[in-house]
Amino acid sequence: SFKLFTSTSFVRPSFLQPMVEAPPAKRPRNGAEQCLDPAVGSIRLLVESIRESGNLDPRSVEFAAWMDSHDELATFREEFHIPETPATAKHRKPGSACIYLCGNSLGLQPKNTQSYVVEELEKWRRWGVEGHFPHTNTVRPWVTADEDCRNDMAEIVGAKPIEVAIMNSLTVNLHVLMCAFYRPTPARHKIMMEGKAFPSDKFAVSSQIRHHGFDPDTSIIEVTPRNGDHTLRTEDVETAISIHGDEVSLVMFGGVQYYTGQLFQMDRITQVAKAKGCAVGFDLAHAVGNVPLKLHDWGCDFACWCNYKYMNSGPGNIAGAFVHERHSVSELPGRLEGWWGHRVSDRFAMEHKFVATSGAQAFMMSNPPVLCVAALRASTEVFARARMSRLRAKSVRLTAYLELLLAVELGPEHVQIISPDQADERGCQLSLVFRADLQQVHECITSEGVICDLRKPSVMRIAPVPLYNTYQDVHDFVRLLKMALFESNETAPEVQARESEAVVAALCGVTTAEKE
């Protein structure tokens, strides 16, 4: 059964008391067995491509090249600066493009970023303060700088432009939005969240609870995976909301879980939580630019995100926020105010009576940092041309290819994938756990020009990003990882040889028995 942790004991209601043996936790995947199952694995996502390639061995460099040659988004890679492979590399050419699989932590720089930022610096040099105003700065005046990429951002998150604001940083926006939507009462003061949320989310939630005079130990409900599972089941989240909803003020989850890469079913969570009268918000740090979002249609109250991961706007750059259009300012007495949230028409009249502007921009405090917005615009314009639907389609195949190679080349005896099996339950990231020493493996592949990250206690996160990663990147990563695993563990058994014909036959759903 799922676990709910609070400092007070959780008493399971009678209707949840097991009448028979509780359902077992999902059995951990068995590498190739799980991946090659046509009903659930990566095979169903790649089988058509394998057939169209003439049944090339999917482990071969020729298959990776074929996939790249048929990728309609391949040219976007040329629009990004890619770090170089270091001189320490023995199996790759030093100075060549590295294998960058860390877009889940920091996206690569678009090549147009520098010119967009320099353009604003030049305006500042020429005009000084007059650059704010359209009578001087006729192209993208600074007074409306945040609006330069607002429409594109609204499209990315599935919102109306009036529901989106470009402002602050992620955790600041969490606080700003919780001030408006977390309105605890003695009867309804709890916040429900995932048990292994990113630490900053937990810190923000805890401090908001203390700010209102409650105790985080008794006012936070954390929903965690069942014993033996790495990821949450949506039905367990729904059950937790159904049980505790009457005492929950706010349900706040991530969109994509930072550690496992699980994509939460935000539409279902929102529906159940709203039915219980809870406010609903999402931290989309690992979701925006990674998976399709429909914030307006889903009906959540608020969401916020950073723009430096999959959105490629630069380290620590300006963030974004969503507030559903059904909310009027008068309904949100806890909302914080600043002069940039004032009505645009008389913002510079300098009166002391606050009149809120429309929509999410009423939550803005200060004028937007122009150089930060310029860097973000460089990225949102790329997304507008690439389109999220096409990016997601490639991402699903690219991550499935990574999953497939890990299964057939390494298998569960060497690496376990703790991300969900199903494409619609994950973003582009796969989280890997090794039997070998994680730090040693990481150092080995880093020396060969692989850039990825580790997250304690035991995960290597691999995120092939569809805007700039290739099938060749994935192929070469698995090859180097295989070398590193055996170099770091001299006693590791040899990988069982898998004949190309057998692998291709399995992938195409043709068994030896059927051939005979």
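Taken from OG in Ser206 to CD1 in Ile191, the straight-line distance is 8.5 Å, to the nearest 0.5 Å. Rounding to the nearest 0.5 Å gives a distance of 11.0 Å between CG of Leu481 and NE2 of His442. Interatomic distance, Met67 CE to Arg397 CZ, rounded to the nearest 0.5 Å: 6.0 Å. The CZ atom of Arg426 sits 10.5 Å away from the OG atom of Ser431 when rounded to the nearest 0.5 Å. Here CZ of Phe203 is found 15.0 Å from CD of Gln208. Values are rounded to the nearest 0.5 Å. Distance check, rounded to the nearest 0.5 Å: CZ of Arg461 to CG of Asn104 gives 4.5 Å.
Nearest approach of Asn469 to Tyr100, heavy atoms of both residues: ND2-O, 2.8 Å. In terms of heavy atoms, Cys102 sits closest to Cys452 at SG-C, 3.9 Å. The two residues Gln472 and Asp68 make their nearest non-hydrogen contact at N-OD2, 3.1 Å. Closest approach of Ala386 and Arg390 over heavy atoms only: O-NE, 2.9 Å. Residue Tyr259 comes nearest to Pro457 through the heavy atom pair OH-CD, 3.1 Å, listed as atom of the first residue, atom of the second, then distance. Annotation for Leu232 and Gln262: closest pair O-NE2, 2.6 Å, computed over non-hydrogen atoms.
Leu406 has its side chain within reach of Leu432: a pair of non-hydrogen atoms, C-beta onward, lies under 4.5 Å apart. Between Ile445 and Phe477 the shortest side-chain heavy-atom distance falls below 4.5 Å. Val459 places a side-chain heavy atom less than 4.5 Å from the side chain of Val433. The shortest distance between side-chain heavy atoms of Gln429 and Val256 does not fall below 4.5 Å. The side-chain heavy atoms of Met266 and Leu284, taken from C-beta on, include a pair separated by under 4.5 Å. For the pair Arg435 and His414, the minimum side-chain heavy-atom distance is 4.5 Å or more. Counting heavy atoms from C-beta outward, Asp421 and Glu403 have side chains that approach closer than 4.5 Å. Under the 4.5 Å side-chain criterion, counting only non-hydrogen atoms from C-beta, Phe302 is not in contact with Asn173.
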* **Candidate pair Phe383 and Leu467, rule side chain to side chain contact (heavy atoms under 4.5 Å, CB included), full reasoning** => CA-CA 9 Å; Phe383 274 86; Leu467 267 176; 3.7 Å; yes

For this session: Determine, step by step, whether Ser200 and Thr171 satisfy the side chain to side chain donor-acceptor pair (under 3.5 Å) criterion, reporting the C-alpha distance in whole Å, the side-chain angles of both residues, the deciding distance to 0.1 Å, and the verdict.
Result: CA-CA 7 Å; Ser200 194; Thr171 304; 2.7 Å; yes

Can you check side chain to side chain contact (heavy atoms under 4.5 Å, CB included) on His81 and Thr113, steps first, answer last? CA-CA 10 Å; His81 292 290; Thr113 300; over 6 Å; no

(message) Could you go through Gln440 and Phe434, starting from their C-alpha distance and side-chain angles, then the distance that decides it, and tell me whether this counts as side chain to side chain contact (heavy atoms under 4.5 Å, CB included)?
(response) CA-CA 11 Å; Gln440 191 174 350; Phe434 299 94; over 6 Å; no

Would Arg77 and Asp71 count as a salt bridge (charged side-chain N to carboxylate O under 4.0 Å, His left out) here? Give the steps.
CA-CA 11 Å; Arg77 176 180 172 88; Asp71 175 16; over 6 Å; no

Report the C-alpha separation of Leu295 and Cys300 in whole Å, then their side-chain angles, then the decisive distance to 0.1 Å, and conclude whether the side chain to side chain contact (heavy atoms under 4.5 Å, CB included) test is met.
CA-CA 6 Å; Leu295 297 182; Cys300 59; 4.0 Å; yes

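By the 4.0 Å N-to-carboxylate-O rule, Arg377 lies close enough to Glu381 to be salt-bridged with it. Checked for salt-bridge contact, Lys294 and Asp267 miss the test: no charged N lies under 4.0 Å from a carboxylate O. Using a cutoff of 4.0 Å between basic side-chain nitrogens and carboxylate oxygens, Glu194 and Lys196 are not scored as salt-bridged.
A donor-acceptor pair under 3.5 Å links the side-chain atoms of Lys111 to the main chain of Glu78, judged by distance alone. Within the 3.5 Å criterion, the main-chain N or O of Met311 finds a donor-acceptor partner in the side chain of Ser379. A donor-acceptor contact shorter than 3.5 Å links the side chain of Asn290 to the backbone of Cys428. Side chain of Ser313 to backbone of Asn307: a donor-acceptor contact under 3.5 angstrom is found. Between the side chain of Thr399 and the backbone N or O of Ser395, at least one donor-acceptor pair lies under 3.5 Å. A side-chain donor-acceptor contact under 3.5 Å links Asn317 to the backbone of Cys372. The backbone N or O of Pro216 sits nowhere less than 3.5 Å from a side-chain atom of Ser219 that would complete a donor-acceptor pair. Distance alone, capped at 3.5 Å, is enough to place a donor-acceptor pair between the Arg92 side chain and the Ala97 backbone. Not one N or O on the side chain of Asn168 forms a donor-acceptor pair closer than 3.5 Å with the backbone of Ala319. Side-chain N or O atoms of Gln257 include one that pairs as donor or acceptor with a backbone N or O of Thr260 at under 3.5 Å.
The aromatic rings of His296 and His324 lie parallel to each other, with less than 30° between the two planes, well short of the 60° mark. Below 30°, between 30° and 60°, or above 60°: for Phe214 and His189 the angle between ring planes is below 30°, a parallel geometry.
The environment of CD in Gln271 is sparse: at most 12 heavy-atom neighbours from other residues, nucleotides or ligands sit within 6.0 Å. Atom CD of Glu325 has more than 12 heavy atoms from other residues, nucleotides or ligands within 6.0 Å.
Between His327 and Phe181, the ring centre distance stays below 6.0 Å.
For the side chain to side chain donor-acceptor pair (under 3.5 Å) with Arg150, the qualifying choice from Glu155, Glu163, Gln361 is Gln361, the only one to do so. None of Phe282, Tyr258, Phe264 except one satisfies the ring pair (Phe, Tyr, Trp, His ring centres under 6.0 Å) rule with Phe253; the exception is Phe264. Between Lys274 and the choices Val280, Ile269, Ile241, Val251, the side chain to side chain contact (heavy atoms under 4.5 Å, CB included) rule is met once, by Val280.
Relative to the six-membered ring of Trp339, Arg347 misses at least one condition, a distance below 6.0 Å or an angle of at most 45° to the axis.
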